[in-house]
Structures are given as structure tokens and as C-alpha cells.
Amino acid sequence: MTPIVTDGPIAGMDEYARIPIAFEVRGVLAVELPGRGLGGVTMTERAVDAPWVKDYDAGEERPQRWARRFDVTHWRLFTARMDGELAGGAVVAFNTPGVEMLEGRRDLAVLWDIRVMPSLRGQGVGAALFRAAAAWARGQGCRWLKVETQNVNVGACRFYARMGCELGSIHPFAYPDLPDETQLLWYLDLAAEHPRG
């Protein structure tokens, strides 16, 4: 079954927030910098001793708060449905002063958030949302779509690589409150051909 994806401006986010974003961390991408970085970078997947749940909505960044923190005028909300039921969603940030992830650029959009109902993960919903978000960003004249994740989200890293993204930045010290997590920034070249995902 193919998900039906629609899009529109950011509006009430209560329905969107009903889609859980939590996942179980069973492994991490261990980032190593041989020679303090002069010997390159390696990332090796390693199992964790005790699996745990990572929930991005557990902090202050819940979807309902985004419009209070940022001017979401130029943001876009994507919703995926299967058999009429909510299956997933994504949000793209674009042309928003004060959003550091946008780097002050007009040729860059950020996949701010993407989430799929747990029972539907791995069934093409995320890929459909990602493709729709990339197409919209391309339509705004963007050359790049940027995505942030962490080394604890191995599944997301694999997904972004499958969708044609390349790892552009590794920031081991990005999260002072989460010293065991490394920020990974992925970039999709919107002018290039990409896998179907």
C-alpha cells in the first residue's frame, strides 16, 4: 500500500504530535578520531550494554512549541496517510532568520522533523515523506536539504544514506547535556539523482 502524502502550511500541531518519534537505542555509531582527527574519522556500529528509549518529544522541543519559538511562515508540514489513517509526518524549515541550522542561506532547507507511526515503520512511509520534502525544497529554489540526527539513531543514519544524503558534519561536542551523543549532519544535493529509497 502506498502512503498518500499531502502538504500545507504549519498549523495546529496536535494531530502531528500524536505520531510517536521515540525509538529504542540498541546500538550506536561510535565515532573515533585517530590521531585526534589527523588520522581521519571512523564510525563503527556497536551494541549498547542496556537498550534504552530516545524520545525527541520528551524535552522542550515538542511540535506544538515550534511556532512559539520560530517564525514558521516559510515552513511546510507534510502528512502521510494509509487507508485514511495518519501514518507519519515531516516538517521542513526554510528561510527563517534565527534558525542556526539554516546557516543564513536561501539555497538550503532543513528537514526539521520526520516521524512515522511505530507499526508502519519500514513500510515506505518515511521514504514517501522524505521525497515529498525534498521535492518541495527543490521547488523553493534550494540546492541542499540538511538533516540533523545523532549517532544513537543508527536507523535514521541508514535511512538518510539510502535516500541519497551524504554525511557532511560530525560534531562530538554539540550537546553539552548529552556528552555521549554526537551530532551528525546529513546533506542531500537536490540537483543530483537519488535512490528511490
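All residue numbers refer to positions in the sequence shown, counting from 1.
There is a path of hydrophobic side-chain contacts, each under 4.5 Å, that joins V110 to V99. There is a path of hydrophobic side-chain contacts, each under 4.5 Å, that joins V41 to L184. Under the 4.5 Å side-chain heavy-atom criterion for Ile, Leu, Val, Met, Phe, Trp and Tyr, F173 and L33 are members of distinct hydrophobic clusters. Linking ILVMFWY residues whenever their side-chain heavy atoms come closer than 4.5 Å, directly or via other members, leaves L185 and V152 in distinct clusters. Under the 4.5 Å side-chain heavy-atom criterion for Ile, Leu, Val, Met, Phe, Trp and Tyr, I170 and V147 are members of the same hydrophobic cluster.
The two residues V154 and G27 come nearest to each other via the heavy atoms CG2-O, 3.5 Å. Contact detail for Y187 and G168: the closest heavy-atom pair is CD1-CA, 3.8 Å. When all heavy atoms are compared, the tightest approach of A128 to P3 is CB-CG, 3.9 Å. What you find for V91 and W66 is that their closest heavy atoms are CG2-CZ3, 3.7 Å. Between V5 and L129, the closest heavy-atom pair is CG1-CD2, 4.1 Å. The two residues C157 and L29 come nearest to each other via the heavy atoms SG-CD1, 3.8 Å.
D113 and Y16 form a side-chain donor-acceptor contact under 3.5 Å, judged by distance and modelled atom types alone.
In D55, the CG atom is crowded: over 12 heavy atoms of neighbouring residues, nucleotides or ligands sit closer than 6.0 Å. Summarising the local packing, CZ of R26 is surrounded by 12 or fewer heavy atoms from other residues, nucleotides or ligands at distances under 6.0 Å. The 12-atom threshold is not exceeded at CZ of R106, counting heavy atoms of other residues, nucleotides or ligands nearer than 6.0 Å. Other residues, nucleotides and ligands contribute only 12 or fewer heavy atoms inside 6.0 Å of the CD atom of E166.
With a 4.5 Å cut-off on side-chain heavy atoms, R115 and D57 count as touching. In this structure, R65 and M13 have side chains that are not in contact, with every pair of non-hydrogen atoms separated by 4.5 Å or more.
From E148, atom CD reaches atom NE2 of H171 across 9.0 Å, with rounding to the nearest 0.5 Å. Here OG1 of T96 is found 6.5 Å from NE2 of H74. Values are rounded to the nearest 0.5 Å. For the atom pair CD1 (I10) and CZ (R76), the distance works out to 9.0 Å, reported to the nearest 0.5 Å. Here the straight-line distance linking atom CE of M117 with atom CG of L86 works out to 4.5 Å at 0.5 Å rounding. Distance CH2/W144 to CZ/R105: 8.0 Å, rounded to 0.5 Å. Taking OG1 from T149 and CG from L111, the interatomic distance works out to 10.5 Å, rounded to the nearest 0.5 Å.
Side chain of K146 to main chain of M101: a donor-acceptor pair is present (N/O by atom type, distance under 3.5 Å, no hydrogens or angles). A donor-acceptor pair under 3.5 Å links the side-chain atoms of R138 to the main chain of L190, judged by distance alone. Side-chain N or O atoms of R46 include none that pairs as donor or acceptor with a backbone N or O of A30 at under 3.5 Å. Under the 3.5 Å distance criterion, the side-chain polar atoms of E181 are left unmatched by any main-chain donor or acceptor of D177. Checked by atom type and distance alone, the side chain of N151 pairs as donor or acceptor with a backbone atom of T182 at under 3.5 Å. Put simply, the side chain of D71 gets close to the backbone of T73: a donor and an acceptor are under 3.5 Å apart.
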- prompt: What do the steps show when you test Q123 against V116 for side chain to side chain contact (heavy atoms under 4.5 Å, CB included), and what is the final call?
  reply: CA-CA 10 Å; Q123 297 184 37; V116 175; over 6 Å; no

L167/M43 under side chain to side chain contact (heavy atoms under 4.5 Å, CB included): CA gap, chis, key distance, verdict: CA-CA 11 Å; L167 185 59; M43 293 197 322; 3.6 Å; yes

query: Given N153 and K54, is the side chain to side chain contact (heavy atoms under 4.5 Å, CB included) satisfied, shown in steps?
result: CA-CA 9 Å; N153 198 342; K54 171 83 174 178; over 6 Å; no

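For R121, there are no salt bridge (Lys or Arg N to Asp or Glu O under 4.0 Å) partners two or more places apart in sequence or in a different chain. With sequence neighbours excluded, the residues forming a side chain to side chain donor-acceptor pair (under 3.5 Å) with E15 are R81, listed by chain and number. Remark: F70 pairs with W75, W112 by the ring-ring contact (aromatic ring centres under 6.0 Å, His included) rule, at least two apart or across chains.
Ring pair Y56/F23 is tilted by interplanar angle, where 30° to 60° counts as tilted. By the 30° and 60° cut-offs, the orientation of the rings of F130 relative to Y160 is tilted.
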